[in-house]
Amino acid sequence: MAFISSGYNPDKPMENRITDIGPRKYDEFYPEVIKKNKGKWSHHEILEPGVLVHVAESGDEIYTVRVGGARLMSTTHINEICEIADKHCDGHLRFTTRNNIEFMVDSKDKVEPLKNDLKSRKFAGGSFKFPIGGTGAGVTNIVHTQGWIHCHTPATDASGTVKATMDELFADFQDQRLPAQLRVSMACCLNMCGAVHCSDIAILGYHRKPPMIDHEYLDKLCEIPLAVSACPTAAIKPAKVTLEDGTEVKSVDVKNERCMFCGNCYTMCPSLPLADTEGDGIVLMAGGKVSNRISDPKFSKVVVAFLPNEMPRWPSMTDAIHKMVNAYSNGANKYERLGDWADRIGWEKFFEVCELDFTHHLIDDFRQQAYMSWRQSTQFKF
Amino acid sequence: MAKHETPFLDQLESGPWPSFVSDLKQQAEVRAKNEAGVEFQIPVDCVEDLLGVVELSYKHGRTHWKHGGIVGVFGYGGGVIGRYCDQPKLFPGVEHFHTMRVAQPCGKYYTTDYLRSLTKLWDLRGSGITNMHGATGDIIFLGTTTPQLEEVFYELTHNLNQDLGGSGSNLRTPADCLGSSRCEYACYDSNALCHFLTNEYQDELHRPAFPYKFKFKFDACPNGCVASIARSDMSFIGTWKDDIKIDQDAVAKYIANDEAYPANAGAFRGSRDWGPFDINKEVINLCPTKCMWMEGDELKIDNSNCTRCMHCINTMPRALKIGDERGLSILVGAKAPILDGAQMGSLLVPFVEVNPDDDYAAITEIIESIWDWWMEEGKNRERLGELIMRQGFQKLLEVTGIEAQPQHVAYPRTNPYIFWKEDEVEGGWERDVVEYRKHHLR
């Protein structure tokens, strides 16, 4: 493959350099009906799961068909999305904040042909390319992180756990039978690029072993002060170590009992790897939300302290999620989010109806806020 | 014939949900066939090797990517994340496989022309694998080699009028909901504000000068579709000050279970029958402040006690509309749990007008006063929320010049350990012990 220059001259990097121009302006990409009616929308309606109509004060309508998708997406797949948008939507589309794709048309008669086209497209392996759904009182797409596809600190995979979970919850992606919306999120280590800490159900990758120390190479590859200061719990300190051959090297010492398994040290220093087949796995959290509707936004709570990585489909994880969704669906009132339901029935009942074990790991012992979660009352259920 | 056997990943091709494995395989095949005659600038089989390395992770239960390494484009400190495979001999196509973050358009609307120009560029100069979109909001280009970074950047800026996004200790690429472009709940134009601030602060976005990452997110109403209250150091959430507008005829239609007026705009149209809509059960009794009631056939709202939670509006969107005196609330300090535990955004500015005519001066003034403080006082890798915890919410009020208001707290402090300042106490702290002893013998 011959190198093709873009025009960039490495000897004169500043020549004709363009910087700080930001993203493309949003309104270049608005469909016509959006441009015309922006700020003047009257109301909207979900006609069926995955299909919405927005009605403007002018009487104009825009119909949206929402489809799920893996956020990990090839250019081939994006080109196919473009082909569909050209065919049905005058070359416009949008993505939602939860990795769904929205195809919009300006009249009702264009909806059925669009839906039929979307439904007909499948990958060679048999899965839908563009499943319609993800609206209203159901499960929408999972926001997630990179996992084993592209990250150095994950404790599990992201795309695989998401695929397994969405296969399990697929009926609820295409239905609206739940008491309220149910948001599932996934982050593959506790640094939470995906900030899953306020989700109805959160899947979180977690390491359980402190870093190994590659003493022989550490000082050659790492700035020791950076590795030391990267540790959030001050578990790492500089140390002199004698190797087997008698040479003394500069390295670090890790106080294992202080390690919270975040991998920040590994980010700073490649000689501190912590991934481990048995040590790594899944934490499940539940009951968070970000909406201000009815009740305040709230954090998710840890409800399963650890499940092993069971490649490729994580059956223990999907089983626990399935149990939670069913118990919630059966028990919650209309409009009640999962966390509001658990608060109302009490978390002691939550574990009972979800058939989940309560273990000592689930009692908070991290810093001062732990106290806030202990029961300071004689009101509890047997 | 696939380059690597992938028995684990193959099991993720079945089931109804779109399979990333099937997509990667189709991409590998498209590259191998190369019917478009692309002069690939990185190894043609990189996607095969990506499948191979992920399969190995499925076998081992461990990642095979190394930590970053310093790569980037000249003059920027963000937008590129270095990535190297730890089995380069087995998977040479992904030995160097860096990520580029491309700033997404606000509202995430696209034309196919534009998307195709991105895919064409990425097919030529990268793996053709993307995230649409990354967790912060950017378009993510996943996988290219170091020499291609400047080339991609040059083409983006020269041919596509498009810049990179943020990474590292920068302002991260701001993200917004679709706002008033297609939503009747929007209290401000989130696309316009997000776009303006993204451009206003390009320097902060590209050149790391902060103690740590800093995120803006823009939710145009309290429903919070971009989760700004949980996920951004500064969260801009639309709100209003005056009365919810009521259309009593539409209220009557909801009560009458008119088909064109479904509860919650049709969000419950599914396989379960919840029975007929009951305004008392579903709206009035669920109002968190109990500020609604029926007087005969008329719905009444005591707006002075409304906290704008959106429930009644969400449930009867044709009958109830947000007020007209609109603006936004600013909440600060949200972050994921690392390190001191998760923090939700705390209310700093209950209401500020959103005024594009003066370049949102009331908002930028607050942003910049916060940054001045955080850049001066923040420790390395200390998020704004942690600085507020360390130095106190009162300090935040002081640096932003905002008066304390009861809206700032859920409830007042439960301890009396007030750190009075000397100038708050009459006469100050300098006293004469000799004079004191005249009246109080030792």
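We use all heavy atoms of the structure for the numbers below, so side chains are in, but hydrogens, waters and symmetry mates are not. Note that the structure is a prediction, hence the values are computed from the model and not measured. Every chain is numbered from 1, with letters handed out A, B, ... down the list of sequences.
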So what's closer than 4.5 Å to chain A heavy atoms on B:Asp138: side chain, backbone, both or neither? neither
Verify the ring-centre separation between A:Tyr8 and B:Phe153: is it less than 6.0 angstrom? no
Backbone of A:Thr76 reached by a side-chain donor or acceptor of B:Gln27 within 3.5 Å: yes
Name all residues meeting the disulfide (SG to SG under 2.5 Å) criterion together with A:Cys269; count only those two or more places apart in sequence or in a different chain, and write none if there are none. A:Cys222
Please classify the contact between A:Ile62 and chain B as side chain, backbone, both or neither, with a heavy-atom cut-off of under 4.5 Å. side chain
I'd like to know if A:Asp175 and B:Arg272 make a salt bridge, using a cut-off of under 4.0 Å between side-chain N and carboxylate O. no
Apply side-chain contact (heavy atoms from CB on, under 4.5 Å) to the pair B:Asn131 and A:Met73, showing each step before the final yes or no. CA-CA 6 Å; B:Asn131 293 144; A:Met73 199 173 272; over 6 Å; no
Does some side-chain heavy atom of A:His152 sit less than 4.5 Å from a side-chain heavy atom of B:Lys66? no
Does any heavy atom of chain A fall under 4.5 Å from the side chain of B:Ile139, the backbone, both, or neither of them? neither
Below 4.5 Å, heavy atoms only, C-beta onward: do A:Ile149 and B:Trp65 meet side chain to side chain? no
Salt-bridge present (A:Arg24, B:Asp163; N to O < 4.0 Å): no
Just to verify, what does B:Ser57 make a side-chain hydrogen bond (donor to acceptor under 3.5 Å, both in side chains) with, not counting sequence neighbours? none
Given the options A:Ala70, A:Ala275, A:Ala85, A:Ala137, which has more heavy-atom pairs under 4.5 Å with chain B than any of the others? A:Ala137
Any salt bridge linking A:Glu45 with B:Arg269? Criterion: basic side-chain nitrogen under 4.0 Å from a carboxylate oxygen. yes
Heavy-atom check, side chain of A:Tyr335 versus side chain of B:Trp274, under 4.5 Å: no
Less than 4.5 Å apart, side chain to side chain, heavy atoms only: is that true for B:Thr112 and A:Leu93? yes
Between A:Phe299 and chain B, which part of the residue has a heavy atom less than 4.5 Å away: side chain, backbone, both or neither? both
Between A:Arg17 and B:Glu150, does at least one N-O distance fall below 4.0 Å, as a salt bridge requires? yes
So, the part of B:Pro222 with a heavy atom under 4.5 Å from chain A: the answer is both
Between the side chains of A:Lys163 and B:Glu13, is the shortest nitrogen-to-carboxylate-oxygen separation below 4.0 Å, so that they form an ion pair? no
So do the side chains of A:Gln146 and B:Ile140 get within less than 4.5 Å of each other, counting heavy atoms only? yes
